[in-house]
Amino acid sequence: MGPSTRVGAIHALRCRGGTLAALAGIAAVLSACERSLPSATAGPQPEDGPRHATTAAAPSVEFYIHAHQDDWQLFMGDRVAASLGTADKVVLVYTTAGDAGDGAPYWQRREAASKASVDSILATGTWACAGQAIRGHPIARCTKGKVVSYYLRLPDGNYLDGTGYGFGSLARLRDQGTATAARDGSTTYTSWADFHGTLAGIVEFEAAGRDAWSIAVHAPDYDRNVNRDDHPDHYATADAARAAVSGRDWNEAWYQDYGSETSPVNLSTSAHAVKHKVFAAYDRIMAAAGYESLIGRPRFQGWLWRTYFRAVTVTPPPPPPPP
């Protein structure tokens, strides 16, 4: 594996050190806990971990890859907020438009709502958006301070079966090799390798010049025994992220999504407050446009009280001996 070492660990919440001066009230998250997710309830573990725990330096660039514009808030929100206090750059990647088969007004509103979530914990600065070519694909790239957001805008796959709403889907791209166009017509992915190669290209572009051990990729868990009953778009995004990190010495964190609601509550009040804050910011933007408010639903409240993930951590190489 080269000069660095990969070791795995299962966590319900892994709190990293560092000062979150820019995030009022979030400092309590870092002292909350480090708890183990019981392996007896997690099911068989994948071949690449967990093996044993380690503590390493906080990565300097962290990537949160998920399918829809409200996913990181629900399943990773406290972790994203913590990363904003420790990392030099936090990159949010939204693989689908989250369009639910509707037109541009809906998915564009969802993108605006995702920015509002960031605004709720990163008050200073303004958003700037432009196209960025990654491996031949023009992708919408928006920045604010240390946050970078990529909107790939692939079609929503439909939570019922993953086949989509007549525009294709990530699952069909993966399983059938069906060429799939972004909902804005900006580009077409001709194969599954083309798509997950583009995800890897985003990481390489945003972390250019960084050591592998200083890069972390967060995504929904690809292991169906660990991450049960999830959305087809989440699984396809997980599979693409797994392919993107394959053969690279990047830190990895794999999250439970829908199925986490039946696991024990594992967040402190402070950590829950962070997740509630970022999702409420998203929800307000959607509700103001006449779309249904979701924050009061029991399932959504359940997800906001839980963050479950397992990590494969890269330790930096030891310093060279003194001359």
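These figures come from a predicted structure and were not determined experimentally. Note that these values count all heavy atoms, side chains included, but never hydrogens, waters or copies made by symmetry.
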> Looking at K146 and E62, does any basic side-chain N land under 4.0 Å from a carboxylate oxygen?
Replying inline: no
> Within a strict 4.5 Å, meaning less than it, do heavy atoms of the I215 and N251 side chains meet?
Replying inline: no
> Linking Ile, Leu, Val, Met, Phe, Trp and Tyr through side-chain heavy atoms less than 4.5 Å apart, which residues share a cluster with Y235?
Replying inline: none
>> Between H272 and W305, is there a side-chain donor-acceptor contact under 3.5 Å, judged purely by atom types and distance?
In response: yes
>> Counting only heavy atoms from other residues, nucleotides and ligands, does the tally under 6.0 Å from OH of Y159 exceed 12?
In response: no
> Less than 4.5 Å apart, any side-chain heavy atom of K275 and any of L74?
Replying inline: no
>> For the aromatic rings, using the six-membered ring if either is Trp, is the centroid distance between F279 and W303 under 6.0 Å?
In response: no
>> Is there a side-chain contact between T198 and D194 in this structure, where contact means two heavy atoms from C-beta onward sitting under 4.5 Å apart?
In response: yes
> Under 3.5 Å, is there a donor-acceptor pair between the T95 and Y150 side chains?
Replying inline: no
>> Please find the pair of heavy atoms, one from I285 and one from A112, that lie closest to each other, and give the distance.
In response: CG2-C, 4.4 Å
>> Any non-hydrogen side-chain atom of N227 less than 4.5 Å from a side-chain atom of W254?
In response: no
> Can you find a side-chain donor-acceptor pair between D156 and T96 that sits under 3.5 Å?
Replying inline: no
> Which heavy atom of V274 sits nearest a heavy atom of A81, and at what distance?
Replying inline: CG1-CB, 3.4 Å
>> Tell me whether R210 is salt-bridged to D88, with the criterion being a basic N under 4.0 Å from an acidic carboxylate O.
In response: yes
>> Taking the six-membered ring of Y282 as reference, does the cationic atom of R110 (NZ for Lys, CZ for Arg) lie under 6.0 Å from its centre and within 45° of its axis?
In response: no
> Considering residues at least two apart in sequence or located in another chain, which fulfil the salt bridge (charged side-chain N to carboxylate O under 4.0 Å, His left out) criterion with R297?
Replying inline: E292
>> If the threshold is 4.0 Å, N to carboxylate O, is there a salt bridge linking E261 and R306?
In response: no
> So do L173 and Y189 actually touch side chain to side chain, heavy atoms under 4.5 Å?
Replying inline: yes
> How about H234 and D71: does a side-chain donor come under 3.5 Å of a side-chain acceptor?
Replying inline: yes
>> Between D119 and K144, is the salt bridge (Lys or Arg N to Asp or Glu O under 4.0 Å) condition met? List the steps.
In response: CA-CA 9 Å; D119 294 342; K144 178 184 179 181; 2.7 Å; yes
> Do W213 and P59 have side-chain heavy atoms sitting under 4.5 Å apart?
Replying inline: no
>> I'd like to check V147 versus L92 (side-chain heavy atoms, cut-off strictly below 4.5 Å). Are they in contact?
In response: yes
> In Å and rounded to the nearest 0.5 Å, what is the CG to OG distance from D221 to S260?
Replying inline: 11.5 Å
>> Could you measure the distance from the CE atom of M76 to the CD1 atom of I65? Nearest 0.5 Å is fine.
In response: 8.5 Å
> Side chains of L152 and L199: closer than 4.5 Å at any heavy-atom pair?
Replying inline: yes
>> Looking only at side-chain N and O atoms, does Y255 offer a donor or acceptor that is under 3.5 Å from a partner on H218?
In response: yes
> Are R183 and F167 in a cation-pi contact, defined as NZ or CZ under 6.0 Å from the six-membered ring centre and within 45° of the axis?
Replying inline: yes
>> Once you measure the plane-to-plane angle for F75 and Y258, does it fall in the parallel (<30°), tilted (30-60°) or perpendicular (>60°) bin?
In response: tilted
>> For W192 and D239, which I'm curious about, is there any donor-acceptor pair between the side chains at under 3.5 Å?
In response: no
> Hey, are S186 and R153 close enough side-chain-wise for a donor-acceptor pair under 3.5 Å?
Replying inline: no
> Does NZ or CZ of R79 fall inside the cone over F309's six-membered ring, less than 6.0 Å from its centre and within 45° of the axis?
Replying inline: yes
> Does the side chain of H66 pick up a donor-acceptor pair with the side chain of D233 at under 3.5 Å?
Replying inline: no
